**Student:** 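Can you read through this structure? Questions will come right after.
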Amino acid sequence: MNFQAKMLRDDALKNKNIVVTGGGSGLGKAMTKYFLELGAQVAITSRNLEKLQTTVKELEEETGGKCFAIQCDVRLYEEVKQMRDEAIKQMGSVDILLNNAAGNFISPTERLSANAFDTIIDIVLKGSKNCTLAFGKHWIDQKETNKTVLNIVTTYAWTGSAYVVPSATAKAGVLAMTRSLAVEWAKYGIRFNAVAPGPFPTKGAWDRLLPGNLKEKFDLAQKVPLKRVGEHQELANLAAYLVSDFSAYVNGEVITIDGGEWLKGAGQFNLLEDIPSEMWDMLEEMIRKKKNK
Ligand code: HXC
Ligand code: NAP
């Protein structure tokens, strides 16, 4: 199977102007590339302007699309409003906000300072809130409709996860915000959805979640029923659909794209997968013998 195949037809995002937070690297960059290929204009934003400018150059050359680099720390509401105004100035308007920027690292929670916990909450939860408020208020004030916000969460937004507690706490908040505003702001013509990716290797995530030889020790592909990690294009296909008008009736949804990973961790008897087939004959016999005893 070709997991790199591109799903939507050419020009599916023509005349759409998109802001992607954290668009200079990793999954944000992959989604931006596909949006550009589909005819959208995209403004990518993060703290590191040089990185953004390099990405803009690379993606414009590769796709022939129009991409803009705007520096912004999503933790700071004033900067977010300036970023919004700059994106509107550069592109004319903004139709789609993709809240993708995040911070995360593994740590036993008792080792975290209060500031370390706050840092993750500030980037993930407050950052998504800042961007959502800045763009949402503008769209509502200007009576602009047919707008979409797509939030990137994780599957532990609903299960929680040890050792990434600030991230789990923040992503759970983003998920609640997604579902709440999908209802409240539908009357203004603004849709909200979320994507919950499983493992999609990126430098940003792997350096902080699987440092050193943890990559070899914990092969994440083995935790996935499909026995592989995700390809960036697979996520980009889903994101492009969710921000496009093809999904105009999808609102308040969170779509998991993880090869079945979280369910495998959840089902009580899923570990029986390790039992070899010859052993099942013996087990079946033992169980059948218990009948009527
Ligand atoms: C404990 C740590 C720490 C660590 C930082 N801190 N790293 N504490 N263990 N490994 C503490 C610092 O000491 C400080 O607290 C506070 O956290 C803030 O750290 P700074 O370095 O000053 O913050 P900042 O420069 O803003 O950097 C933010 C960051 C950094 C989150 C720490 O890693 C970053 O820039 N990340 C952005 C990219 C990223 O994280 N990408 C991965 C997303 S992956 P004190 O008290 O000392 O001041 C993801 C995947 C989810 O979300 C699901 C995967 C399956
Ligand atoms: P990444 O490359 O590290 O992306 C994170 C981005 O956020 C970076 O471009 C970073 O840019 C930006 N960012 C961080 N702090 C910021 C701030 N304060 N203001 C503005 N931008 C900021 O990691 P990734 O793996 O692609 O993650 C992308 C998204 O996918 C995140 O929401 C993550 O939680 C989610 N996710 C990833 C996986 C996975 O397996 N990779 C799984 C589930 C969910 P700067 O450093 O330049 O600011």
Side-chain angles (χ1 to χ4, degrees), residues 19-33 43-55 69-77 79-80 83 98-128 130-131 150-157 159-161 163-172 174-175 194-212 214-215 218 220-221 223-224 229-232 234-236 238-239 254-259 261-262 265:
V19 167
V20 178
T21 68
S25 64
L27 303 181
K29 180 177 171 183
M31 292 185 279
T32 297
K33 183 177 178 203
I44 56 174
T45 166
S46 80
R47 296 164 298 180
N48 183 338
L49 184 60
E50 209 179 306
K51 180 174 81 178
L52 294 171
Q53 286 167 337
T54 305
T55 299
I70 306 174
Q71 189 171 28
C72 169
D73 186 330
V74 292
R75 292 174 283 196
L76 308 172
Y77 192 58
E79 274 193 28
V80 169
M83 175 272 284
L98 174 47
N99 281 315
N100 164 80
N104 200 1
F105 50 79
I106 50 167
S107 176
T109 307
E110 68 276 15
R111 291 172 61 108
L112 293 174
S113 66
N115 185 46
F117 207 121
D118 283 350
T119 298
I120 305 304
I121 300 283
D122 286 352
I123 299 171
V124 177
L125 180 55
K126 284 179 69 178
S128 302
N130 284 341
C131 294
L150 182 63
N151 293 325
I152 306 297
V153 296
T154 65
T155 51
Y156 59 59
T159 61
S161 176
Y163 303 105
V164 283
V165 172
S167 172
T169 308
K171 293 286 191 183
V174 174
L175 181 57
V195 171
F200 282 77
T202 64
K203 185 169 176 0
W206 262 227
D207 282 355
R208 294 169 176 90
L209 303 174
L210 295 166
L214 287 195
K215 286 175 200 61
F218 301 104
L220 291 191
K223 284 183 68 225
V224 179
V229 293
E231 289 287 339
H232 289 194
E234 295 179 287
L235 179 74
L238 177 60
V254 52
I255 300 188
T256 301
I257 177 164
D258 74 340
E261 184 202 30
W262 87 267

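Starting from 1, each residue takes its place in the sequence as its number. Whatever order the structure lists them in is the order used to number ligands and atoms, beginning at 1. Just so it is clear, the structure is predicted and the values come from calculations on it, not from any experiment.
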**Student:** Please could you name the atoms of ligand 2 that Cys72 approaches to less than 4.0 Å, counting only its heavy atoms?
**Tutor:**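 Once the distances to Cys72 are compared, the set is 19 (N), 20 (C).
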**Student:** For ligand 2, which atoms, with element, lie under 4.0 Å from some heavy atom of Trp206?
**Tutor:**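 Taking each heavy atom of Trp206 in turn, ligand 2 has 40 (O) under 4.0 Å.
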**Student:** Give the residue, atom name and distance (to 0.1 Å) of the protein heavy atom nearest atom 31 (C) of ligand 2.
**Tutor:**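 For this ligand atom, the closest protein heavy atom is Asn100 O, 3.1 Å.
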**Student:** Run through all N or O atoms in ligand 1 and write down each protein N or O closer than 3.5 Å, as a pair with its distance.
**Tutor:**
from: ligand 1; atom 1: 15 (O); to: Ser113; atom 2: OG; distance (Å): 3.3
from: ligand 1; atom 1: 26 (O); to: Arg75; atom 2: NH1; distance (Å): 3.0
from: ligand 1; atom 1: 26 (O); to: Arg75; atom 2: NH2; distance (Å): 3.3
from: ligand 1; atom 1: 33 (O); to: Arg208; atom 2: NE; distance (Å): 2.7
from: ligand 1; atom 1: 35 (O); to: Arg47; atom 2: NH1; distance (Å): 3.4
from: ligand 1; atom 1: 35 (O); to: Arg47; atom 2: NH2; distance (Å): 2.8
from: ligand 1; atom 1: 36 (N); to: Arg208; atom 2: NE; distance (Å): 3.4
from: ligand 1; atom 1: 40 (O); to: Asn104; atom 2: N; distance (Å): 3.0
from: ligand 1; atom 1: 40 (O); to: Asn104; atom 2: O; distance (Å): 3.4
from: ligand 1; atom 1: 40 (O); to: Arg208; atom 2: NE; distance (Å): 3.4
from: ligand 1; atom 1: 46 (O); to: Ser113; atom 2: OG; distance (Å): 2.5
from: ligand 1; atom 1: 48 (O); to: Asn115; atom 2: ND2; distance (Å): 2.8
from: ligand 1; atom 1: 52 (O); to: Asn104; atom 2: ND2; distance (Å): 3.4

**Student:** Please indicate whether any nitrogen or oxygen in Phe200 is less than 3.5 Å from any nitrogen or oxygen in ligand 2.
**Tutor:**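 Between Phe200 and ligand 2 (N or O atoms, distance only) the closest approach is under 3.5 Å.
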**Student:** Ile123 heavy atoms, cut-off 4.0 Å: which ligand 2 atoms fall inside?
**Tutor:**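 Atoms satisfying the 4.0 Å criterion: 15 (N), 16 (C), 18 (N).
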**Student:** Checking side-chain hydrogen bond (donor to acceptor under 3.5 Å, both in side chains) for the pair Tyr156/Ser167: CA distance, chi angles, key distance, verdict?
**Tutor:** CA-CA 9 Å; Tyr156 59 59; Ser167 172; 2.7 Å; yes
**Student:** When you look for heavy atoms under 4.0 Å from ligand 2, do you find them on the side chain of Lys171, its backbone, both, or neither?
**Tutor:**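 It is the side chain that gets close, since no backbone atom is under 4.0 Å.
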**Student:** Quick one: look up the protein heavy atom nearest atom 19 (N) of ligand 2 and list residue, atom name and how far away it is.
**Tutor:**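 Answer, as residue, atom name and distance: Val74 N, 2.9 Å.
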**Student:** Heavy-atom contact check, 4.0 Å cutoff: does Val153 meet ligand 2?
**Tutor:**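 Distance cut 4.0 Å: Val153 passes for ligand 2.
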**Student:** Taking it one step at a time, do Phe218 and Leu210 satisfy side chain to side chain contact (heavy atoms under 4.5 Å, CB included)?
**Tutor:** CA-CA 8 Å; Phe218 301 104; Leu210 295 166; 4.3 Å; yes
**Student:** Is Tyr156 touching ligand 2 with its side chain, its backbone, both, or neither, if touching means heavy atoms under 4.0 Å apart?
**Tutor:**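 Under 4.0 Å from ligand 2, Tyr156 contributes no heavy atoms.
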**Student:** With a cut-off of 4.0 Å, which atoms of ligand 2 are near a heavy atom of Asn48?
**Tutor:**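 The list of qualifying atoms is 47 (O).
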**Student:** Mark yes or no for whether Asp258, through its side chain, and Pro197, through its backbone, hold a donor-acceptor pair below 3.5 Å.
**Tutor:**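 It does not hold such a pair.
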**Student:** Taking non-hydrogen atoms only, is Pro201 closer than 4.0 angstrom to ligand 2 via side chain, backbone, both or neither?
**Tutor:**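 None of Pro201 does.
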**Student:** Among residues at least two apart in sequence or on other chains, which ones pass side-chain contact (heavy atoms from CB on, under 4.5 Å) with Ala102?
**Tutor:**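 For Ala102, the residues satisfying side-chain contact (heavy atoms from CB on, under 4.5 Å) (neighbours in sequence not counted) are Val124, Lys171.
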**Student:** Among protein heavy atoms, which lies nearest atom 30 (O) of ligand 2, and at what distance?
**Tutor:**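 Protein heavy atom with the smallest distance to atom 30 (O) of ligand 2: Ile152 CG2, 3.4 Å.
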**Student:** Starting from atom 6 (C) of ligand 2, what is the nearest protein heavy atom, named by residue and atom, and what distance separates them?
**Tutor:**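 Ranked first by proximity to atom 6 (C) of ligand 2 is Gly22 CA, 3.7 Å.
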**Student:** What's the shortest distance from atom 22 (C) of ligand 2 to any protein heavy atom, and which residue and atom give it?
**Tutor:**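 I find the closest protein heavy atom is Ala101 CB, 3.7 Å.
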**Student:** Can you figure out which of Val174, Leu27, Val229, Thr21 has its heavy atom closest to atom 26 (O) of ligand 2?
**Tutor:**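 Heavy atom nearest to atom 26 (O) of ligand 2 belongs to Leu27.
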**Student:** Considering non-hydrogen atoms of the protein only, which is the closest contact for atom 4 (O) of ligand 2, and what is the distance?
**Tutor:**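 The closest one turns out to be Ser25 OG, 3.7 Å.
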**Student:** Could you check whether atom NZ of Lys126 has more than 12 heavy atoms from other residues, nucleotides or ligands sitting under 6.0 Å from it?
**Tutor:**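 Open: at most 12 neighbouring heavy atoms sit under 6.0 Å from NZ of Lys126.
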**Student:** Using heavy atoms and a threshold below 4.0 Å, how should the contact between Lys51 and ligand 2 be classified: side chain, backbone, both, or neither?
**Tutor:**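 The answer is the side chain.
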**Student:** With only distance considered, is Arg208 within less than 3.5 Å of ligand 2 through an N or O on each side?
**Tutor:**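 No, no N or O pair falls under 3.5 Å.
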**Student:** Would you mind checking which non-hydrogen protein atom is closest to atom 14 (C) of ligand 2, with the distance to 0.1 Å?
**Tutor:**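 Heavy-atom neighbour on the protein nearest atom 14 (C) of ligand 2: Ala102 O, 3.3 Å.
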**Student:** Got Tyr163 and Ser107 here, is their nearest side-chain heavy-atom distance under 4.5 Å?
**Tutor:**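 The answer is no; the side chains never approach within 4.5 Å.
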**Student:** Can a donor-acceptor pair be found, under 3.5 Å and without considering hydrogens, that links the side chain of Thr256 to the backbone of Ala196?
**Tutor:**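 Answer holds: no.
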**Student:** Quick one: which of Ala205, Pro199, Gly198 has a heavy atom closest to atom 42 (C) of ligand 2?
**Tutor:**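 Of the listed residues, Gly198 has the closest heavy atom.
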**Student:** Any nitrogen or oxygen of Thr202 lying under 3.5 Å from a nitrogen or oxygen in ligand 2? Just yes or no.
**Tutor:**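 Indeed, backbone or side chain, Thr202 has an N or O that close.
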**Student:** Work out which heavy atom in Asn99 is nearest to a heavy atom in Gly127; give both atom names and the distance.
**Tutor:**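 Taking every non-hydrogen atom into account, OD1-O, 4.5 Å.
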**Student:** Taking N or O atoms only and a 3.5 Å limit, does Thr154 qualify as a polar contact for ligand 2?
**Tutor:**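 No: no nitrogen or oxygen of Thr154 is under 3.5 Å from one in ligand 2.
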**Student:** For ligand 2, indicate whether the residue Asp73 contacts it via side chain, backbone, both or neither (heavy-atom separation under 4.0 Å).
**Tutor:**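 The answer is both, backbone and side chain.
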**Student:** Show which atoms of ligand 2 fall inside a sub-4.0 Å distance from at least one heavy-atom site of Gly26.
**Tutor:**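 It comes down to these atoms of ligand 2: 2 (O), 26 (O).
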**Student:** Looking only at protein heavy atoms, which one is nearest to atom 46 (O) of ligand 2, and how far off is it?
**Tutor:**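 Heavy-atom neighbour on the protein nearest atom 46 (O) of ligand 2: Arg47 NH2, 2.9 Å.
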**Student:** Mind running side chain to side chain contact (heavy atoms under 4.5 Å, CB included) on Ile255 and Leu238 for me, showing each step along the way?
**Tutor:** CA-CA 9 Å; Ile255 300 188; Leu238 177 60; 3.8 Å; yes
**Student:** Short list, please: which atoms of ligand 2 are under 4.0 Å from a heavy atom of Gly204?
**Tutor:**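 In order of numbering, the contacting atoms are 3 (O).
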**Student:** Over all heavy atoms of both residues, which pair between Leu214 and Ile106 is shortest? Give the atoms and the distance, please.
**Tutor:**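 Between these two residues, the closest heavy atoms are CD1-CD1, 3.7 Å.
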